[in-house]
Each structure stands twice: as structure tokens, then as C-alpha cells.
Amino acid sequence: MALLFPGGGWCVRLRVGHSSRPAHVRPSFVTFATVSPRTPAKGDRVDWVEATSGFFENDTRPIMLFDGVCNLCNGGVKFVRDNDRNRSIRFEALQSEAGKKLLRRSGRAPDDISSVVLVEKDRSFIKSEAVVKIMEYIDLPFPQLAFFAQFIPLFVRDFLYDNVANNRYTIFGRSDTCEI
């Protein structure tokens, strides 16, 4: 039997068993109790927003997640860096440990490197929504272009995005290491 105390992360386990006595002696119960830190069970869910809140504790700028070995993605990061005079966006490779945690925060599988993701403190954007949101953060004229891009239906933007993303290694190639 286990008692869990909410928020404390501790687990108290009580074991009730028979003591070893001869048959003519009345049986009694012996109780053993142990207190140990709670380890997540296989079915427990991790709150990834809470688990990654440290990324936004001292720096609230959004984080752009990108495929670190994709030449197109590395070029995109360089483009954003060159056009972001206020340094309003941080960068992290999808393949890094931090990138994997932030992917989970965004509701994606930790090994999903199929899309650029922009993670803000309270929300995440993927695919073409991430691109449009990134455009809002960088210098002129990109915020204005992002405004007009929002009028293109999402399914059309994502269709175009997916076609480029699915062929990015073929068209632009890949590198052995992340350049950033």
C-alpha cells in the first residue's frame, strides 16, 4: 500500500504482514513504514511547461528551435540573427537536450526534427506559424510581411512549409555538425 502526498514528491509505503510465530500463538500484524523520494512511475505524466520554466526564469525572450544539421535551417538562423538588431530571439538546436525538452513542452516528440518551433514563455508555434511569429520579432519590413502572411490560410502555408521541409536535405544539403 502506498500513500502519496501531493506536491511533496514523497511516497510513504506501508507493508502489513504476519509475524512468524508458532501455530498455537495468536497471529499478530507487524507494520513496516519507509519514506523515500517519489520516483515517477512509467505512466506518470511530466509537466513539461513546469519542467522547462527555468529557460524563461532570467531571460523571457522566445527560443527558436531549429534542425542543427540542416543547411537551410542554419541559414535561417543566420538570417534571423542578422535581422534581429535587438537580439529578441534565442536559438537552440532541436537535437540538443534543451531542444528535446522544449519540444516536449511544445507537445512534440523529443526526436521530431521536422519543423522549426518558436517557444515563448506561455505558448509554442510550429511550422509556418513559427516562421510568421519569428518575422514579427525581427527588423523591418518583416513584421509587416508577417501581418500579410497571416491572411494566407494556415493549411496553404503549412502545405508549402511541409514541401520545403520534407525536401530540405535534398535541396540544401546537411552538415555533420551544428554551426551555431
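Throughout, numbering of the chain's residues begins at 1 and tracks the sequence. Values reported hereafter were calculated over all heavy atoms of this structure, with side chains retained and with hydrogens, waters and symmetry mates removed.
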Neighbour count >12 (heavy atoms, 6.0 Å) for atom [atom1], [X]:
X    : atom1 : result
F159 : CZ    : no
R85  : CZ    : no
K101 : NZ    : no

Among the clusters formed by ILVMFWY side chains lying less than 4.5 Å apart, do [X] and [Y] turn up in the same one?
X    : Y    : result
V119 : F91  : no
F125 : I63  : no
L72  : Y161 : no

>> Please determine whether side chain to side chain donor-acceptor pair (under 3.5 Å) holds for the pair S114 and D112, giving the CA-CA distance in whole Å, both sets of side-chain angles, and the decisive distance to 0.1 Å.
In response: CA-CA 6 Å; S114 66; D112 182 0; 2.6 Å; yes
>> Holding to salt bridge (charged side-chain N to carboxylate O under 4.0 Å, His left out), I want the full list of residues that pass it with R123, two or more places apart in sequence or in another chain.
In response: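 Here no residue qualifies.
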> Using the ring of each side chain (for Trp, its six-membered ring), is F147 parallel, tilted or perpendicular to F151, with breaks at 30° and 60°?
Replying inline: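 Plane angle over 60°, so perpendicular.
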>> Applying salt bridge (charged side-chain N to carboxylate O under 4.0 Å, His left out) as the test, list every pair that has at least one member in residues 157-171; sequence neighbours left out.
In response: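 Output for this query lists D67-R168, K127-D162.
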> Out of V116, I113, L102, V69, which one pairs with L94 under the side chain to side chain contact (heavy atoms under 4.5 Å, CB included) rule?
Replying inline: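 Single pass found, and it is I113.
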>> Once rounded to the nearest 0.5 Å, what's the spacing between atom CG of N163 and atom CD1 of I171?
In response: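 If we round to the nearest 0.5 Å, N163:CG and I171:CD1 are 9.0 Å apart.
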>> Do Q144 and E136 pair up side chain to side chain, a donor and an acceptor below 3.5 Å, judged on atom types alone?
In response: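 No pair is found: no donor N or O on one side chain lies under 3.5 Å from an acceptor on the other.
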> Centroid-to-centroid, F79 to F142, below 6.0 Å?
Replying inline: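 F79 vs F142: aromatic centres under 6.0 Å.
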